[in-house]
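Data block below; observations after.
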Amino acid sequence: MDSMNLSAELAHEPALASDFVLSGRVLRPLSLSLDQLRAYESVLASPFDLRCFTTNRYIRRVGRYRGVRLTDLIAEAGLRNEAPGDFKRMVFVAGAWDGYAVTFSWHELFNTPVGEHALIAYECDGEPLSAEEGAPILFSGADIMAAPRHVKRLARIDVQVLRPL
Ligand SMILES: Nc1nc2c(c(=O)[nH]1)N[C@H]1C(S)=C(S)[C@@H](COP(=O)(O)O)O[C@H]1N2
Ligand SMILES: [Mo]
């Protein structure tokens, strides 16, 4: 599915659903509620400054998110490599209910320190985050600018294999 379709489809979802799915080029698609997410092994992120990439406006200091590593969920779903080397062109498109989306690549997640710090967060400073507050939030704690990937109300992670040139 391309990102335009992703936005159109998600924009019609009823308000404040908090389940998200991991689907696309996987063996076992996952659909998880916030409660199910809480049952996984979790990690604690470091506080960070949130600054808007587009406007350069400082937004706020964000506390310590707790969440599940994206790589753990990908491992559970299992990647579907149909041809040798497919994973080298594999991307993870993470979209929210409002159509906002960011990408990760397979190499970035599994072959750089980014993967260790890419979390799907459901708690901040020990307090549960509600859907109204943005949960689940996909957050990339190893991004080096104060405008990290930070997707509120994550709805879907779609695993795609890009065409070679
Ligand atoms: N779902 C979703 N997540 C999003 C956005 C958005 O529009 N939708 N905007 C991003 C941008 S551009 C910024 S700067 C921050 C804003 O965070 P705030 O809404 O808590 O101020 O969230 C990011 N996450
Ligand atoms: Mo932003």
Side-chain angles (χ1 to χ4, degrees), residues 1-26 29-38 40 42-74 77 90-106 108-109 112-160 162:
M1 169 188 299
D2 65 37
S3 56
M4 291 298 288
N5 287 340
L6 181 76
S7 320
E9 197 170 299
L10 299 180
H12 290 104
E13 201 56 31
L16 296 182
S18 57
D19 288 16
F20 72 94
V21 297
L22 174 59
S23 58
R25 276 287 201 104
V26 294
L30 294 179
S31 176
L32 296 173
S33 66
L34 283 175
D35 280 345
Q36 287 170 316
L37 202 57
R38 288 180 222 279
Y40 283 80
S42 68
V43 293
L44 202 54
S46 303
F48 64 99
D49 288 330
L50 190 59
R51 183 178 283 280
C52 179
F53 224 132
T54 322
T55 62
N56 206 32
R57 179 176 57 97
Y58 175 81
I59 296 178
R60 64 194 145 85
R61 181 92 177 150
V62 179
R64 308 195 75 183
Y65 279 145
R66 179 178 289 283
V68 179
R69 281 201 181 101
L70 173 56
T71 52
D72 287 351
L73 299 183
I74 293 169
M90 197 170 260
V91 293
F92 301 83
V93 183
W97 292 110
D98 61 356
Y100 187 80
V102 305
T103 59
F104 290 86
S105 69
W106 181 90
E108 193 183 17
L109 287 177
T112 79
V114 168
E116 209 180 315
H117 303 281
L119 305 185
I120 298 168
Y122 52 78
E123 194 180 290
C124 188
D125 287 336
E127 297 295 328
L129 290 166
S130 65
E132 287 85 350
E133 291 166 314
I137 299 177
L138 173 66
F139 153 70
S140 181
D143 287 4
I144 60 174
M145 283 190 268
R149 280 165 285 188
H150 183 260
V151 180
K152 297 172 290 178
R153 300 207 56 235
L154 178 69
R156 181 184 301 171
I157 298 170
D158 191 46
V159 184
Q160 304 181 11
L162 298 180

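Residues take their numbers from the sequence shown, with the count starting at 1. Ligands are counted one by one from 1 in listed order, and the atoms in each one are counted from 1 as well.
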Any N/O of Asp98 closer than 3.5 Å to an N/O of ligand 1? yes
Is any N or O atom of His150, backbone or side chain, closer than 3.5 Å to an N or O atom of ligand 1? yes
Nearest heavy atom to atom 17 (O) of ligand 1, choosing from Arg149, Arg57, Lys152, belongs to Lys152
Selection from Trp97, Tyr100, Tyr58, Phe53 by shortest heavy-atom distance to atom 12 (S) of ligand 1: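 Comparing heavy atoms across Trp97, Tyr100, Tyr58, Phe53, the nearest one to atom 12 (S) of ligand 1 lies in Tyr100.
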Spacing of His150 atom NE2 and Asp143 atom CG [to the nearest 0.5 Å]: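 Taking NE2 in His150 and CG in Asp143, the distance rounds to 11.5 Å.
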Pairwise distance CG(Leu34) to CD(Glu123) - rounded to 0.5 angstrom: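 One gets 11.5 Å once the value is rounded to the nearest 0.5 Å.
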Is a side-chain N or O of Glu133 found less than 3.5 angstrom from the main chain of Ser130, in a donor-acceptor match?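 Side chain of Glu133 to backbone of Ser130: a pair is present.
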With no hydrogens and no angle check, is any side-chain donor or acceptor of Arg66 less than 3.5 Å from a backbone partner on Leu44?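 No, because the side chain of Arg66 does not come within donor-acceptor range (under 3.5 Å) of the backbone of Leu44.
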What pair of heavy atoms forms the shortest contact from Phe20 to Arg156, and how long is it?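 Shortest heavy-atom contact: CB-N, 4.3 Å.
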For a quick test of reading the model, state the closest non-hydrogen atom pair linking Val151 to Ala94 and the distance between them.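 Here Val151 and Ala94 meet closest at CG2-O, 4.3 Å.
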Structural part of Leu50 in contact with ligand 1, heavy atom criterion under 4.0 angstrom: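 The part of Leu50 near ligand 1 is the side chain, not the backbone.
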Below 4.0 Å, non-hydrogen atoms only: which portion of Ala96 touches ligand 1? Side chain, backbone, both or neither.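 Under 4.0 Å from ligand 1, Ala96 contributes side-chain atoms alone.
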Nearest neighbour in protein (non-hydrogen) for atom 21 (O) of ligand 1: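 Result for atom 21 (O) of ligand 1: Ile59 CG2, 3.4 Å.
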Contacting atoms of ligand 1, where contact means under 4.0 angstrom from a heavy atom of Cys52: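 Every atom of ligand 1 under 4.0 Å from some heavy atom of Cys52: 14 (S).
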Only counting residues at least two apart or in another chain, list the ones meeting salt bridge (charged side-chain N to carboxylate O under 4.0 Å, His left out) with Asp125. none
Are any of the heavy atoms in Arg60 under 4.0 Å away from ligand 1?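 In this structure, Arg60 qualifies as a contact of ligand 1 - some heavy atom is under 4.0 Å.
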